[in-house]
Number of protein chains: 2
Amino acid sequence: MSTAEETDGDSAPWAEVTPEAARRLLVAAVDAFAERGYHATTTRDIAGRAGMSPAALYIHYKTKEELLHRISRIGHDRALFVLEAAADGGGTAAERLAEAVRSFVRWHAERHTTARVVQYELDALGEEHRTEIVELRRRSDAVVRRIIGEGVQAGEFDVPDVPGTTLAVLSLCIDVARWFNEQGSRTPDEVGELYAGLVLRMVAAER
Amino acid sequence: MSTAEETDGDSAPWAEVTPEAARRLLVAAVDAFAERGYHATTTRDIAGRAGMSPAALYIHYKTKEELLHRISRIGHDRALFVLEAAADGGGTAAERLAEAVRSFVRWHAERHTTARVVQYELDALGEEHRTEIVELRRRSDAVVRRIIGEGVQAGEFDVPDVPGTTLAVLSLCIDVARWFNEQGSRTPDEVGELYAGLVLRMVAAER
DNA sequence: ACGGACCCTAAGCGCTTGCTCAGGTTCGGG
DNA sequence: CCCGAACCTGAGCAAGCGCTTAGGGTCCGT
């Protein structure tokens, strides 16, 4: 597999961020934001983690908020990519839903540092940037809702409230970013598998 | 029903906080923390919402962190109370689990302002205060795990991974605080009902 | 050898932060 | 009518914030 110009959700995490100094700052910001939260993180802390002086940050980014926006934008793009890949993967609705949950959860667990920033620091974005991100989340919702809707029509699923169940499924997956811990007893793969099973039970017509 | 000295999860929200000036400040802090987050909220903002000068805050609380701790402590106590009431309510494991989810979710929806602070600003607490709160959350976990465990033993439930499913159930409920909106199309009762049904499907032995 | 593009830093500006403190207001009991 | 306790405010301090600016290395093509 080539490492150049990848747009998938996993490999070479921040490869598209250039030049290298800008990437180092962005990675440092992800770590700091995830650890302490956006508002509790200082620009001096970010620059320090990247091994630079506080002023260096402003050569590559106009403001601290722009850093958050870049992180949030790239993160949402990747999470959405993962979801859409599963949705377009073919198979029955159950197979596609299971794969969507499995990979979406795996992303939130494996990359829980990024995911935490992406999912929980949304309010710190400015008006314009936030609406841009909210649109991406609307699309995630649409992807899951479509799979569930198709499963219902095909008679595979029995779901009284499709929008409500969609909300619950996404909520369940997203919250993984909050509690997942690398020192915990479960690998991202195991959590993905567990959750895929639970979600299938939530929508299954019968067993 | 008397309004004096209540300790349940709903009525007379912050009645046990006295004197009245201290309660006004605490309510103002809950609103501010929920809206902007702990770190983005200034002591001037809190005092202003309570109609006092910045200095007044420090007559009733030693630090801004003490305010967060009081909120977090009381909130966790109430949420736990709601859970335990449902768990001790009698009936089959399915009935108790459904009631636990229903009331826990209802609490997180109805009082989502408080719940947001309680569930998402934990990291802003100091070392000692945080470990105190984490203990309360461990007890919430134990309550749900016990119900599910008993359901499995009674043959009512079929759950391959009890700790994992417990985690998922609680995660689902807690995340309600993040997305619930009073202008949304669902009442707290409706969300509670929906979620209770979904959780029962996750654990049911057969249908 | 040298000019200039690029990238970075030291220093610091103006402002806001959490918090303090001396002093004023209010009010019930004697 | 005065006292003392309870409660609150105006003014402000030291520290830390996001961000700016003047200037200095480094390395390229020529």
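Throughout, a chain's letter reflects where its sequence line sits, starting with A, and its residues are numbered from 1. These figures come from a predicted structure and were not determined experimentally.
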Find the distance B/Lys64:NZ to C/dT16:P and express it as a whole number of Å. 16 Å
So, is B/Tyr58 near the phosphate of C/dT20, with a side-chain N or O under 4.0 Å from OP1 or OP2? no
When you check the phosphate oxygens OP1 and OP2 of C/dG18, does a side-chain N or O of B/Thr43 lie under 4.0 Å from one of them? yes
On the six-membered ring of B/Tyr38, is B/Lys64 placed so that its NZ or CZ lies under 6.0 angstrom from the centre and within 45° of the ring axis? yes
In whole Å, what is the span from the CG atom of B/Asp45 to the P atom of C/dC19? 15 Å
In this structure, how many angstroms lie between the C1' atom of C/dG18 and the CG atom of B/Leu68, rounded? 15 Å
Under 4.0 Å, counting only non-hydrogen atoms across every strand here, what does A/Thr42 touch: a base, just sugar-phosphate, or nothing? sugar-phosphate
Correct closest heavy-atom pair for B/Val118 and B/Ile71 would be CG2-O, 3.9 Å
Smallest separation among heavy atoms of B/Ala34 and B/Arg116, with atom names: O-CD, 4.2 Å
Would you mind reading off the distance between B/Ile59 atom CD1 and C/dA22 atom P, rounded to a whole angstrom? 14 Å
Tell me: CE of A/Met52 to C1' of C/dA11, nearest whole Å? 20 Å
Is the shortest distance from a Lys or Arg side-chain nitrogen in B/Arg36 or A/Asp123 to a carboxylate oxygen in the other one below 4.0 Å? no
Would you give me the side-chain donor-acceptor pairs under 3.5 Å for residues 170-181 of chain A, sequence neighbours excluded?
residue	atom	partner	partner atom	Å
A/Ser171	OG	B/Asp175	OD2	2.6
A/Asp175	OD1	A/Tyr120	OH	3.1
A/Asp175	OD1	A/Arg178	NE	2.8
A/Asp175	OD2	A/Arg178	NE	3.3
A/Asp175	OD2	A/Arg178	NH2	2.6
A/Asp175	OD2	B/Ser171	OG	2.6
A/Asn181	OD1	A/Gln183	N	2.6

Pairwise 5' ranking along DNA chain D for B/Arg24 and A/Glu65, keeping only the more 5' one: B/Arg24
Any idea which heavy atoms bring A/Ser53 and A/Ala47 closest together, and the distance? O-CB, 3.4 Å
Take atom CD of B/Glu128 as the centre, draw a 6.0 Å sphere, and report whether it contains more than 12 heavy atoms from other residues, nucleotides or ligands. no
Looking only at the side chain of A/Ala21 (C-beta and beyond, no hydrogens), which of the listed nucleotides C/dC19, C/dA10, C/dC8 gets closest? C/dC8
In whole Å, what is the span from the OH atom of A/Tyr61 to the P atom of C/dC7? 13 Å
Counting the atoms with a prime plus P, OP1 and OP2 as sugar-phosphate, which does B/His60 contact under 4.0 Å by heavy atoms, base, sugar-phosphate, or nothing? sugar-phosphate
Reading DNA chain D in the 5' to 3' direction, which nucleotide is the first one with an atom under 4.0 Å from a heavy atom of chain A, and which is the last? D/dC17 to D/dT21
Could you state the atom-to-atom distance from NE2 of A/His39 to C1' of C/dG18 in whole Å? 17 Å
